[in-house]
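In what follows, a single structure is set out as structure tokens and then discussed.
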Amino acid sequence: MLKYKSICFAVFFLLLSTSLFSQEKDTIISTPFKKEKWLIGLSGSFSSNTNNISSTSKTNSTNNYGLEIKIGKFKKDRWLLGGVLLAERNNGNGNIKRDVESFFLAPMTSYYFSMSKDGSLFISLAAGYIKYREENTFTSNSDNLKEILNGNGLGLVVNLGYSYPITNHVTFDIGVNLTNYWLTINKESNGSSSFLNTSAKIDGVNFAFGFNVLLDKLF
């Protein structure tokens with residue numbers, strides 16, 4: 001996971017250097033991300049993996065998908081302040097059936113680096129509340145053993161990407177979400193429950209894309 005995050009940051013800062021260098025040629029500030037504009041965005045992510053285990057002739061598959069809604073207002077040119085809601089789900093089938101759901105709600109700030117009308121690299125930071133649920137089902141000697149984990153805590157989401165204006169009021173975003181969650185977990189196994197005193201840390205990397213609407217007034 002650390003390797004993937006390092007690659008994401010390296011690519012982002014390489015593109016950022018190129019973007020900042022190209023700005024020196026701009027004489028007119030024509031960014032679509034102007035002060036007092038409102039932004040409403042909807043984005044999603046999806047990934048699917050299948051692993052074939054030759055020694056057991058079994059196939060394990062996982063599906064990950066998420067939905068993000070954000071809204072904010074540009075307090076300065078290229079500076080966005082607002083909030084974000086991120087819902088994610090992970091399904092796994094194989095030796096262990098795994099279902100994971102998470103719900104993240106937080107204030108958010110974004111900065112768009114370029115002043116060009118053709119688009120910009122951006123970075124978004126959000127820190128807030130995370131609600132987490134995980135259900136694992138094991139099959140042993142024809143018996144199903146179920147384990148349920150419920151938790152909540154603090155979440156941090158960093159989004160690195162590029163925003164491309166399709167029209168004066170619509171932009172297309174593509175990038176990566178880096179998620180870090182710190183949770184307190186309540187564990188339940190086949191009807192019995194016990195509290196875990198130690199914190200759980202969950203992180204991930206997801207590729208995401210979506211559309212934003214830029215408005216002069218919200219209502």
Side-chain angles (χ1 to χ4, degrees), residues 4-5 7-26 28-49 63-90 102-128 155-179 204-219:
Y4 290 123
K5 288 187 177 182
I7 293 174
C8 290
F9 277 110
V11 172
F12 177 78
F13 284 111
L14 178 61
L15 293 173
L16 173 60
S17 300
T18 304
S19 176
L20 294 177
F21 177 77
S22 65
Q23 285 186 39
E24 297 179 357
K25 300 178 181 180
D26 296 336
I28 300 176
I29 299 176
S30 55
T31 175
F33 312 109
K34 295 180 179 179
K35 181 180 178 180
E36 300 299 326
K37 279 186 175 291
W38 286 87
L39 181 145
I40 300 175
L42 177 65
S43 62
S45 61
F46 177 81
S47 65
S48 179
N49 298 293
N63 296 307
N64 305 280
Y65 45 93
L67 180 67
E68 179 183 287
I69 300 173
K70 63 182 176 182
I71 182 172
K73 186 177 183 180
F74 287 93
K75 296 301 182 178
K76 291 184 177 181
D77 287 348
R78 300 178 289 133
W79 273 107
L80 179 71
L81 294 177
V84 61
L85 184 154
L86 175 61
E88 295 180 292
R89 184 175 177 86
N90 179 300
S102 64
F103 178 87
F104 175 74
L105 181 65
M108 170 205 66
T109 182
S110 300
Y111 180 70
Y112 295 78
F113 292 93
S114 176
M115 295 178 288
S116 171
K117 62 180 177 61
D118 297 323
S120 173
L121 291 168
F122 68 89
I123 182 171
S124 296
L125 300 174
L156 175 66
V157 176
V158 180
N159 181 224
L160 309 173
Y162 188 87
S163 187
Y164 174 76
I166 299 175
T167 69
N168 291 334
H169 298 286
V170 179
T171 64
F172 174 75
D173 287 0
I174 186 169
V176 293
N177 286 334
L178 310 177
T179 58
V205 178
N206 295 310
F207 290 93
F209 60 91
F211 294 90
N212 304 309
V213 177
L214 296 171
L215 303 173
D216 293 327
K217 293 182 179 181
L218 188 58
F219 298 108

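The ring-ring contact (aromatic ring centres under 6.0 Å, His included) search around Phe104 returns none, not counting sequence neighbours. For the salt bridge (Lys or Arg N to Asp or Glu O under 4.0 Å) test, residues two or more places apart in sequence or in another chain that qualify with Lys73 are Glu36. With sequence neighbours excluded, the residues that form a side chain to side chain donor-acceptor pair (under 3.5 Å) with Ser110 are Ser124. Residues passing the side-chain contact (heavy atoms from CB on, under 4.5 Å) test with Ile69, sequence neighbours excluded: Leu42. Among residues two or more places apart in sequence or in another chain, the side chain to side chain donor-acceptor pair (under 3.5 Å) test is passed with Tyr164 by none.
One distance of note links OG of Ser45 with CG of Leu67; it measures 8.5 Å at 0.5 Å rounding. In this structure, Leu121 CG and Ser116 OG are separated by 11.0 Å, a value rounded to the nearest 0.5 Å. Atom OH of residue Tyr162 and atom CZ of residue Phe122 lie 11.0 Å apart, to the nearest 0.5 angstrom. Here the CG atom belonging to Asn177 is positioned 5.5 Å from the CD atom belonging to Glu68, to the nearest 0.5 angstrom. Ile123 CD1 to Leu160 CG: the interatomic distance, rounded to the nearest 0.5 Å, is 5.0 Å. Expressed to the nearest 0.5 Å, how far CZ of Arg78 lies from OH of Tyr111 amounts to 3.5 Å.
For the pair Ala106 and Ala126, the tightest heavy-atom approach, listed with the atom from each and the gap, is CB-CB, 4.2 Å. Residue Lys35 comes nearest to Asp77 through the heavy atom pair N-OD1, 2.8 Å, listed as atom of the first residue, atom of the second, then distance. Looking at every heavy atom in both residues, Pro32 comes nearest to Pro165 through CG-CG, 3.8 Å.
Counting only residues at least two apart or in different chains, salt bridge (charged side-chain N to carboxylate O under 4.0 Å, His left out) contacts with residues 104-113 are absent. Listed by first then second residue, pairs satisfying salt bridge (charged side-chain N to carboxylate O under 4.0 Å, His left out) with a partner in residues 115-124 number zero, not counting sequence neighbours. The list of salt bridge (charged side-chain N to carboxylate O under 4.0 Å, His left out) pairs with a residue in residues 161-172, not counting sequence neighbours, is empty.
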For residues 205-219, which side-chain donor-acceptor pairs fall under 3.5 Å, sequence neighbours excluded?
residue: Asn206; atom: ND2; partner: Glu88; partner atom: OE2; Å: 2.9
residue: Asn212; atom: ND2; partner: Thr171; partner atom: OG1; Å: 3.2
residue: Asn212; atom: ND2; partner: Asp173; partner atom: OD1; Å: 3.2
residue: Asn212; atom: ND2; partner: Asp173; partner atom: OD2; Å: 2.7
residue: Asp216; atom: OD1; partner: Lys37; partner atom: NZ; Å: 2.8

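Although no hydrogens or angles enter the test, the distance criterion places no donor-acceptor pair under 3.5 Å between the side chain of Ser163 and the main chain of Ser120. Counting only distance, with no hydrogens or angles, the side chain of Thr179 and the backbone of Gly204 share a donor-acceptor pair below 3.5 Å.
Using the six-membered ring where Trp is involved, Phe33 and Tyr112 have ring planes that are parallel, under 30° apart on the 30 and 60° scheme.
Counting heavy atoms from C-beta on, the side chains of Leu39 and Leu80 come closer than 4.5 Å.
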